[in-house]
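One structure below.
We count ligands from 1, going down the list as the structure has it; atoms in each ligand are counted the same way.
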Amino acid sequence: MSDEMMKMPKFSDIKYARPSIEEFRECAMSTRLKLMTARDPEVVETAIMAFQREMSAFDTAYTICMIRHDLDTADTFFNDEMDFFDENYPVVSDLSAGVYSALLHSEIRPQLEERFGTMIFRKTQNQRDIVSSEVLDELAEESTLESEYSQILSEADIFFKGKHHTISTMTPFLESTDRDMRIKAHKAVSDYYASQKPKFDEIYDKMVKIRTEIAKKLGYENFVQLGYKRMERYDYNEEMVQAFRDNIVKYIVPITSEIRRLQKNRLGVEKLMYYDLPCLFVHGNPKPMIPQEEYFATASKMFGQMFDKDPSFFQVLGEHDFMDLFSRQNKATGGYCASLLDYGIPFILMNANSTSDDIATMVHESGHAYAALRSIDSSQFIECLSPTLEACEIHSTAMEYLSYPYMDMFFGAHAPAYREQHMTLALLFLPYGCLVDEYQHVVYKNPDMTPAERHAAWRELEKKYQPDIDYGDDAFYEEGGAWMKKEHIFTSPFYYIDYCLAQICALQIWDISQKNRKKAMTIYDHLCTEGGTKTLIELVEDAGLESPFSLNVIKKLAYQVCDYLNL
Ligand code: ZN
């Protein structure tokens, strides 16, 4: 553990202050001027580093604000502060685009590329392709719609079995071994979404239209191309992604049908219905043997053993309040890890609810946190500390696989069932992730579709990727409403395939770890330490893995996984 981390502040002691847009603007303007006139790389470096500090401060303030808002969505102060960032983030992006544009056009660019590496230049060019001052109003509108959607979701109040629930705290009932309970719980969730359907349809329709408008103003044919640029896809394109999805349909979908057939037999039901799907085992999905209060101590110990370090990074983060693990009312749903750049410290937010998912999520977010800590010194540019999102998801997903041998600490005798469940869910996820991805391609290539047409398109695609799903008489799902449950579709367009690409890379690390644990740990650490200094395929191949787009990798892994699961 480094000295800095031992001296680190507590999250609760960190002061939040709204950053000054005027100061930011001044710094951006003067940096831009220096970059345009400087002939000395030294001068450029000094100027750009000063601007980097300003950006880091702005980003840190935003992250603190977002976390405090997410920890208590009813807090009006941070709600207002989030509005400030919604409004001003595009302004700041535009100002930094101006600075980087000067860097891009510098007369001494070759010397600068030698000094800084090419990644920052590639990122800068990409940034220029996705923002311009002409679309600032539309970007602010898009951002407001996203906040509106998230706000509705965080206020979701599902009354079930005499109690108020969030979407997240409904999960144990959705997975229940009692079929009647499952049916009622699924009905309650479906009723909630059905009640919100007009609102969600309206928000999404506006989102599709505004995103399309932004894309057109920036000179793209539709939002698909802009979406790819926003996701920073430097070394793969739409055709490669389509070929990837086709491979999933070819090699993974048949395995998922077999999994569902076995599940149906195990549960002893005549027909496997959609409400049966989350219950994989007749005695229920393995639950942690330890109470939530012990998660932290146990995970601290596990990471200590895994990385041979005491105290573990996880323990140090937790002891300084850089995590909030448990679900409660008025806390944002989901889970994430966000870095406070000025401090070089990641924060983990999640919503534990006593299901097996708790542990996988905790390990997943810890993978992001570990990578954030390992890559602190990988680049002098904050933009290059963290890689593009698919590569980030390798850090987290591979950590889930690398934690397999330690799962006895959480699940005791049920650890094998946990591993079986985890691997099964990973397989089931791949077609679902591709479904979410293809759906968005359809939506953004046909921006004038009506909400009803979008629902119909989803239902058609479901039949290709999830042929075994049976919604019975649930009208909301049967009419194609299930996509509304996926936050990413609203707030992070085209993000979802990243999880699938990452899964294929992480599964390769799992496969290696089965034969050579040390080698797998070395590959993992190498990937994390590289941060965002390279593109996805470069990072993966440098670490000694195959590109997820390579012809045989999915087929090969499908074989290994079937063997592991005795399918
Ligand atoms: Zn993640």
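- Shown here is Lys301, whose NZ atom has no more than 12 heavy atoms of other residues, nucleotides or ligands within 6.0 Å.
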Chi angles and distances behind the ring pair (Phe, Tyr, Trp, His ring centres under 6.0 Å) call for His368, Tyr336: CA-CA 9 Å; His368 287 307; Tyr336 63 72; over 10 Å; no
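- Around atom CG of Asn237, more than 12 heavy atoms belonging to other residues, nucleotides or ligands sit under 6.0 Å away.
- Aromatic ring pairs are classed by plane angle as parallel below 30°, tilted from 30° to 60° and perpendicular above 60°; the pair Tyr524 and Phe307 is tilted.
- Heavy atoms from other residues, nucleotides or ligands lying under 6.0 Å from NZ of Lys287 number 12 at most.
- A tilted orientation is assigned to the rings of Tyr204 and Trp483, their planes being inclined by 30° to 60°.
- Protein N/O/S atoms nearer than 2.8 Å to the Zn ion (ligand 1) total 4.
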